[in-house]
Structures are given as C-alpha cells and as structure tokens.
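In what follows, a single structure is set out as structure tokens and then discussed.
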Amino acid sequence: MNALLQDGLARNYVAGSWREGDGGGVIAVEDPGLEEHMADSAQAGEESLAQALEAARTSFDRGDLADMNPAARGRLMGRIAQEIRALADEGAYLLCRESGKSLSAAHDEFSEAAEYFEYYGGVADKIEGKSIPLGPGYTDYTVFEPYGVSAQIVPWNFPVSIAARSLAPSMAAGNSTVIKAPELDPIALAMLGQALERAEVPAGSVSILNGIGGDLGARLVASSEVDQIVFTGSVFTGQAILHAAADTVTPALMELGGKSAAVVFEDANLDAVISSLQSGIFYNAGQVCSAMARVLVHRSIYEDAVARAAEMANGLSVAHGLENPEHTPVVSALQLSRVEDLTSTAQQDGARVAAGGARIDRKGYFMAPTILADVNPASRVAQEEIFGPVTCFTPFDTEAEAIAMANGTDFGLVAGIFTRDLARSHRVARKLRAGQVFVNEWFAGGISTPFGGVGKSGFGREKGLEALYNYVRTKNIAISLKV
Ligand code: NAD
C-alpha cells in the first residue's frame with residue numbers, strides 16, 4: 001500500500017509536501033462494489049487553500065515553469081509520464097476500489113494520464129505566435145502567455161485521466177495549477193501528486209487539495225488569486241462556478257454533461273452498433289459524460305436493434321471491479337438511487353424495458369444494464385443526463401427527423417452516426433449539434449482530437465492541440481521602427 005495511505009489516509013499535496021487536513025476532519029471513501037469503507041481523505045481547510053494559492057503564485061512569479069526552457073519543460077513532463085506508469089499498478093488498484101470501475105478501466109486511466117503528459121510535453125516548445133504585417137516602419141508579433149494560476153475542479157468519474165487532461169496542457173503552457181480532487185474518489189489522484197513529486201516538479205507549481213465541492217471548491221473558484229478556472233462536472237455546478245467567475249471576471253473553461261445520441265441508419269453495420277453500445281453506455285457503468293445515452297434507429301431495423309442490444313446487455317458479466325467484469329457498480333448509493341429513480345420515470349412515461357430496469361439484487365451499488373425502448377424524445381429520461389448504465393431507444397423514419405431528434409436536448413457534447421453511406425455520414429455530421437461526431441464507432445478519436453460541448457454541455461475544448469490555447473492568452477507586441 002502506498003505511503004500516502006499507510007494509515008488509510010490520503011493527504012493534501014501542497015507546495016511540494018504532504019499535509020494533514022486542516023479542514024475539520026476527514027472524508028470517508030467507500031468501495032462501492034462492497035458497500036464498505038476503504039480509506040479517508042484529509043480535508044483541506046482555509047489555511048491549506050491559502051498556502052496552495054500562495055505557493056502557486058510564488059512559483060509562477062519566480063518563473064519556475066513559465067521561464068523554464070520550453071524543451072526542458074517538455075522533458076519534465078515526460079518524466080511525470082514515466083512516474084505515472086511506474087505507479088500505475090498500485091494506483092489502478094486503489095482507483096478500482098474507490099470508484100467501483102474495473103481494474104482494466106482503472107489501468108486505462110493511468111495509461112491515458114501518462115499519454116496526456118507525453119502529448120503536451122511534446123508540444124511545450126511549439127506554442128508559436130505569429131508576425132503581423134503592418135507595413136514599413138513597424139514590426140508586430142503575437143506571443144502566447146500562460147494565465148498564471150489555474151484552478152481546476154475534477155469530477156469523480158475519471159478522476160486521474162481528467163485531472164491529467166487539464167493539468168498537462170496547463171503545465172505545458174507554463175501555468176501554476178491548484179486542483180480540487182473529487183470527494184467520492186480522491187485516493188488515486190493523490191498518486192498523481194506522488195508522480196509529480198517523484199518527477200521533481202517545482203514545489204508549489206502544482207497542488208492537489210481534498211475537500212467538499214460546495215465548500216473548498218467554491219472557495220477556490222471564488223478566490224481573487226485565481227487567473228483561470230477549468231471545470232469538468234455537472235451543469236448545475238458549472239452554472240454556480242460561472243456566477244463566481246463573473247464576480248471576479250475570471251475566464252472559465254466548462255466541460256459539462258451530455259445526453260448524446262447515436263443515429264443508426266437502415267444500412268448500418270449492426271455488429272458495430274452493438275459493440276459500440278457496449279462500451280458507449282456500459283463502460284464505467286455509463287458514468288461517462290460522452291455516453292451513448294440515446295440510440296435513434298431507422299424503423300426498418302429498429303426491433304432487431306433493440307433485441308440485439310437487450311441480448312448484449314443481459315449477457316454482460318457482473319462482479320466487483322477487481323475481477324474485471326464487463327459491468328461494474330455505480331459510484332455510490334446516492335448515484336444508484338438517482339439512476340433508478342430517473343429510469344422508473346421512463347416506465348411511467350410509457351417506455352418499454354427491454355433489459356434491466358432496476359438495481360441488481362446483490363452487494364454493491366449495481367444498476368442492471370438497462371435498455372429502454374420506445375422512449376418518447378420529449379420525456380424526462382430522454383432529456384436529462386442519467387449518468388448510469390441506461391440507454392434510450394427511439395425509432396425514426398427520415399434523416400431530417402433523426403437529426404431533429406438528435407439535436408432535441410439542451411446538451412451537445414458528442415453524437416454518432418452509423419451508416420455505410422459516406423456522403424450521408426459527412427452530411428449528417430455537419431448537421432449534428434455536438435462538439436465531436438463519431439462515425440461507425442463510438443469513442444473513435446483520442447487524446448489528440450479536440451473534445452468539448454455546445455449548449456449546456458459547455459464551452460472551450462480539451463484534448464488535442466486545440467486545448468493548449470485554452471491555457472494561454474494572446475499578447476500583441478507592436479513596435480515602431482521609426483525612432
Ligand atoms: P459535480 O458537478 O457534482 O462535481 C464536479 C466537481 O465539482 C467535484 O469535484 C465537486 O466537488 C466540485 N464542486 C461541487 N460543487 C462545487 C462548487 N459550488 N464550486 C466548485 N466546485 C464544486 O459533478 P460530478 O457528479 O462529480 O461529475 C459528473 C458530471 O460531470 C456529469 O454531469 C458529467 O457529464 C460531467 N462530466 C463532464 C465531462 C466533460 O468532459 N464534458 C467529463 C466528465 C464528467
């Protein structure tokens with residue numbers, strides 16, 4: 001067991017050292033597959049927050065990262081990636097237990113986290129400005145500068161990889177970063193702190209704090225010491241943070257929820273649809289912002305698609321995450337009751353339960369893999385994010401109807417198209433209201449492809465080169481040569 005946890009307590013990583021909590025207690029962390037307490041995190045209080053912010057500012061002003069040779073900054077990030085890989089076995093075990101996800105999914109998170117540091121480390125020396133022709137007598141150019149102190153709020157569904165997704169471009173750009181860990185599963189994220197420490201990241205340039213969102217998180221984003229806010233989480237919290245950002249006029253990046261639809265045309269390869277659906281809605285028990293939460297199917301193949309989806313869902317292996325099953329519990333009792341409650345409204349609204357529909361009668365917070373058919377697109381279950389292993393099938397007759405239905409929610413994170421018709425895939429992709437469109441494979445793309453939402457799914461982009469420009473601002477330097 002990791003040194004941070006020898007006594008079952010994950011501490012706060014502040015200004016390069018591990019601190020006890022000063023926030024009045026600990027937050028209990030539960031293993032959702034066993035419904036058992038597994039560890040605690042030490043709550044950071046007012047003093048730890050102030051120290052983390054002061055250390056971040058001091059590190060930034062000293063130029064620890066910003067003035068480091070950019071190639072050296074990239075190499076430092078490469079060392080972080082190595083340390084993440086070295087800690088991955090231990091970290092994945094802890095992540096599996098605290099989040100409920102499968103051990104292999106927990107391993108995927110550590111690999112992905114390492115890849116973010118490699119990817120953005122590789123571009124740290126390629127953040128290039130441009131020269132603007134003003135005619136004789138002038139030289140004009142732009143440079144990209146880091147914001148300063150970036151406050152980053154991380155959700156519980158992918159605590160390690162989402163933290164890395166924002167921290168890596170933030171570091172590559174030269175910012176200092178203060179991270180607020182999710183209260184439900186903060187333990188593996190402390191391992192990321194350990195990787196930073198082992199890689200000898202300048203003290204204070206990154207801190208990781210444990211605490212309750214509405215308390216520590218709210219104080220972090222409201223601080224006048226923060227120059228940029230990066231939030232990944234629910235729409236409700238995003239709105240609260242935007243209000244706080246308005247008060248201090250602080251730029252904010254919002255990666256929020258989704259209710260993403262796949263449009264399955266009559267010429268689709270149904271094998272590809274069903275295998276995409278398995279990962280699209282059952283990976284991480286459906287607790288994925290870009291989950292395949294709605295499946296709109298051409299009426300001519302609709303019943304076949306529903307039957308095959310139900311057969312797949314009913315056949316998934318179910319066990320504690322450590323056994324690497326295909327289906328795992330949701331993160332908490334509260335999450336399970338939310339998922340079950342929303343699912344039950346579908347039945348009241350006339351939907352047909354083709355598979356699942358309720359919690360599984362066994363230890364752990366397991367919701368049965370659920371396929372709802374004949375879902376009314378205007379009903380609550382088709383409009384609200386469920387964030388669990390539940391998807392909604394609805395038939396359509398025409399391409400225009402499918403597009404209108406896919407675009408018919410407040411969200412717009414990702415969307416999918418299943419067809420063998422190349423022209424149709426391009427045509428429909430342009431019409432779908434989403435930040436990313438998958439064709440014939442849900443979750444196609446990777447860390448190099450820009451990701452983010454429209455509408456209530458948020459704004460700004462993570463991943464890819466595009467994301468780097470969320471972590472810098474442009475300065476123009478206009479020089480008269482006439483003196
Ligand atoms: P959440 O909004 O409840 O919490 C997210 C984080 O915000 C947590 O760390 C929490 O402690 C913190 N927080 C809560 N209240 C706060 C406040 N007032 N001020 C500052 N911080 C506060 O979301 P969640 O339940 O952890 O995550 C699930 C949600 O996140 C889903 O809606 C999901 O779609 C979304 N999500 C989006 C993306 C994306 O990239 N678009 C990725 C993952 C998750």
Side-chain angles (χ1 to χ4, degrees), residues 23 27 29 41 43-44 49 99 101 109 112 116 151-166 178-186 189 208-223 226 229-245 247-248 250 252-260 281 283-293 330-332 334-336 338-339 342 384-388 409-414 434-436 443 445 447 449-464 467 470:
I27 305 173
V29 179
S41 71
Q43 282 202 65
L49 175 62
S99 67
K101 65 181 62 191
E109 265 206 60
E112 200 173 306
Y116 279 119
Q152 304 186 353
I153 308 278
V154 176
W156 49 263
N157 59 336
F158 295 101
V160 177
S161 58
I162 287 181
R165 182 175 87 178
S166 301
V178 179
I179 295 172
K180 210 290 282 170
E183 47 271 65
L184 286 171
D185 51 7
L189 189 45
I208 303 176
L209 303 175
N210 301 313
I212 303 290
D215 177 24
L216 181 75
R219 281 187 287 128
L220 171 60
V221 297
S223 167
V226 164
I229 298 166
V230 179
F231 175 69
T232 308
S234 63
V235 176
F236 179 77
T237 307
Q239 287 168 326
I241 291 176
L242 282 172
H243 283 292
D247 286 342
T248 51
T250 303
L253 173 67
M254 289 284 136
E255 290 287 355
L256 309 178
K259 190 72 186 180
S260 304
I281 195 64
Y283 188 76
N284 207 30
Q287 300 161 119
V288 180
C289 52
S290 49
M292 194 165 157
V330 297
V331 73
S332 67
L334 180 63
Q335 187 67 13
L336 179 60
R338 280 184 190 148
V339 172
L342 195 45
E384 292 181 22
E385 187 178 39
I386 300 178
F387 223 54
T409 74
D410 289 343
F411 295 104
L413 194 52
V414 302
Q436 186 172 33
F443 296 141
I447 64 169
T449 52
F451 176 82
V454 302
K456 285 195 176 164
S457 291
F459 48 83
R461 292 294 177 263
E462 291 282 28
K463 300 186 174 182
N470 286 311

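Counting starts at 1 for both ligands and their atoms, following the listed order.
With a 4.0 Å heavy-atom cut-off, ligand 1 is reached by the side chain of Phe231 but not by its N, CA, C or O. No part of Leu184 comes within 4.0 Å of ligand 1, judged by heavy-atom distances. Contacts of Glu385 with ligand 1, taken as heavy-atom pairs under 4.0 Å, involve the side chain alone.
For NZ of Lys456, the number of neighbouring non-hydrogen atoms (other residues, nucleotides, ligands) closer than 6.0 Å is 12 at most.
Although no hydrogens or angles enter the test, the distance criterion places no donor-acceptor pair under 3.5 Å between the side chain of Ser161 and the main chain of Glu109.
We find that Glu112 and Arg165 are not joined by a salt bridge, their nearest charged nitrogen and carboxylate oxygen being 4.0 Å or further apart.
Those atoms of ligand 1 that come under 4.0 Å of a heavy atom in Phe451, given as number and element, are 39 (C), 40 (O). Taking every heavy atom of Ile162 and a limit of under 4.0 angstrom, the matching atoms of ligand 1 come to 42 (C), 43 (C). Set against the non-hydrogen atoms of Pro182, the atoms of ligand 1 under 4.0 Å away are 9 (O). The atoms of ligand 1 that sit less than 4.0 Å from any heavy atom of Thr232 are 5 (C), 37 (C), 38 (C), 39 (C), 40 (O), 42 (C), 43 (C). Of all atoms in ligand 1, numbered sequentially from 1 with element shown, those under 4.0 Å from a heavy atom of Lys180 are 9 (O), 10 (C), 11 (O). Near Asn157, the atoms of ligand 1 lying under 4.0 angstrom from a non-hydrogen atom of the residue are 43 (C), 44 (C).
Put simply, the side chain of Leu220 reaches to within 4.5 Å of the side chain of Val178, judged on heavy atoms. Within the 4.5 Å cutoff, the side chain of Glu255 has heavy atoms near those of the Phe451 side chain. Here the side chains of Val331 and Asn157 are not in contact, with every heavy-atom distance at 4.5 Å or above. Considering only heavy atoms from C-beta on, Gln43 stays 4.5 Å or farther from Asn210 through its side chain. Counting heavy atoms from C-beta outward, Ile386 and Lys259 have side chains that approach closer than 4.5 Å. Glu384 is listed as a side-chain neighbour of Leu342, based on a closest heavy-atom distance under 4.5 Å.
In this pair, Phe158 and Tyr283 present their aromatic rings parallel. The plane angle is below 30°, not in the 30 to 60° band.
At least one N or O atom of Leu256, backbone or side chain, sits closer than 3.5 Å to an N or O atom of ligand 1. Residue Glu183 places at least one N or O, backbone or side chain, under 3.5 Å from an N or O of ligand 1.
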Checklist entry - Given the rule in the side chain to side chain contact (heavy atoms under 4.5 Å, CB included) test, do Gln335 and Gln287 qualify, once you have shown the distances and angles that lead to the verdict? => result CA-CA 10 Å; Gln335 187 67 13; Gln287 300 161 119; 3.8 Å; yes
Next on the checklist: Evaluate Val226 against Val221 for side chain to side chain contact (heavy atoms under 4.5 Å, CB included), listing each step before the verdict.
Outcome noted: CA-CA 7 Å; Val226 164; Val221 297; over 6 Å; no
Item to check | Intermediate values then yes/no, side chain to side chain contact (heavy atoms under 4.5 Å, CB included), Ile179 and Val154 | outcome: CA-CA 7 Å; Ile179 295 172; Val154 176; 3.7 Å; yes
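Looking at Ser234, Ala240, Gly238, it is Ser234 that brings a heavy atom closest to atom 2 (O) of ligand 1.
Within the structure, ligand 1 has Arg165 among the residues with a heavy atom less than 4.0 angstrom away. Residue contact check for ligand 1: Gly458 places no non-hydrogen atom closer than 4.0 Å to it.
In terms of protein heavy atoms, atom 38 (C) of ligand 1 is closest to Cys289 SG, 3.0 Å. Scanning the protein heavy atoms around atom 6 (C) of ligand 1, the nearest turns out to be Ile153 CG2, 3.4 Å. Atom 27 (O) of ligand 1 has as its closest protein heavy atom Pro155 CB, 3.6 Å. When hydrogens are left out, the protein atom nearest atom 28 (C) of ligand 1 is Phe387 CE2, 3.5 Å; that is the closest non-hydrogen contact. Looking at atom 13 (N) of ligand 1, its nearest protein heavy atom turns out to be Gly213 CA, 3.3 Å. Taking atom 20 (C) of ligand 1 as the reference point, the nearest protein heavy-atom neighbour is Gly217 C, 3.2 Å. For atom 24 (P) of ligand 1, the closest heavy atom belonging to the protein is Trp156 NE1, 3.3 Å. Counting protein heavy atoms only, atom 8 (C) of ligand 1 is closest to Val154 O, 3.5 Å.
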